[in-house]
Amino acid sequence: LLILREGLKMLHQLKIKQCYLCHILEGQKTFEVRKNDRDFQVGDTIRFLPLDDENYNAYSYVSPIPEYRINYILSDFGGLQQNHVCLAITPIINA
């Protein structure tokens with residue numbers, strides 16, 4: 001889901017299995033590999049929508065999830081599937 005573009009930055013809502021989201025929330029996973037069908041840009045924001053690991057249509061997480069900023073985009077790399085990107089992400093800390 002594409003939510004909105006504020007100036008030049010976009011807020012993306014991306015579905016993710018809860019098992020992968022846990023690694024992001026714990027700081028172990030600082031990247032996300034996705035099909036590049038959304039015109040991802042450095043500086044864009046990601047809001048993850050966690051899905052139940054067994055039922056991919058059911059949202060399974062109720063606590064607030066931080067948003068993440070895209071800091072770097074790796075594309076056209078031999079190890080990635082065609083039309084896929086690896087997004088380097090960091091949590092956005094709201095003061």
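- Put simply, the side chain of Asp44 gets close to the backbone of Met10: a donor and an acceptor are under 3.5 Å apart.
- Shown here are the side chain to side chain contact (heavy atoms under 4.5 Å, CB included) partners of Thr90, two or more places apart in sequence or in another chain: Arg69, Asn71.
- Here the CD1 atom belonging to Ile73 is positioned 6.0 Å from the CD atom belonging to Gln41, to the nearest 0.5 angstrom.
- Partner Arg47 forms a side-chain contact (heavy atoms from CB on, under 4.5 Å) with one of Ile65, Leu11, Ile92, Leu14 and no other, that one being Leu11.
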As a quick check of understanding, evaluate side-chain contact (heavy atoms from CB on, under 4.5 Å) for Lys9 and Thr45, giving each step before the final call. CA-CA 7 Å; Lys9 305 304 174 200; Thr45 300; 5.9 Å; no

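- Of all heavy-atom pairs spanning Arg38 and His12, the tightest one is O-CE1, 3.6 Å.
- A pairwise comparison of heavy atoms in Val85 and Leu87 identifies CG2-CD2, 3.7 Å as the closest pair.
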Is there a side-chain contact (heavy atoms from CB on, under 4.5 Å) between Leu51 and Leu49? Walk through the geometry before answering. CA-CA 7 Å; Leu51 301 175; Leu49 302 175; 5.6 Å; no

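- Within a 6.0 Å sphere centred on CG of Asp37, other residues, nucleotides and ligands contribute more than 12 heavy atoms.
- To the nearest 0.5 Å, atom CD1 of residue Ile89 and atom CD1 of residue Ile46 are 5.5 Å apart.
- Asn83 and Gln81 share no side-chain donor-acceptor pair at under 3.5 Å.
- Identified under the ring-ring contact (aromatic ring centres under 6.0 Å, His included) test for residues 64-90, with sequence neighbours left out: Phe48-Tyr68.
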Using residues 21-33 as the side-chain source, report each donor-acceptor pair under 3.5 Å to any protein atom, sequence neighbours left out, with the distance given to one decimal.
residue	atom	partner	partner atom	Å
His23	ND1	Gln28	OE1	2.8
Lys29	NZ	Phe31	O	2.9
Lys29	NZ	Glu32	OE1	2.4
Glu32	OE2	Arg34	NE	2.9
Glu32	OE2	Arg34	NH2	3.2

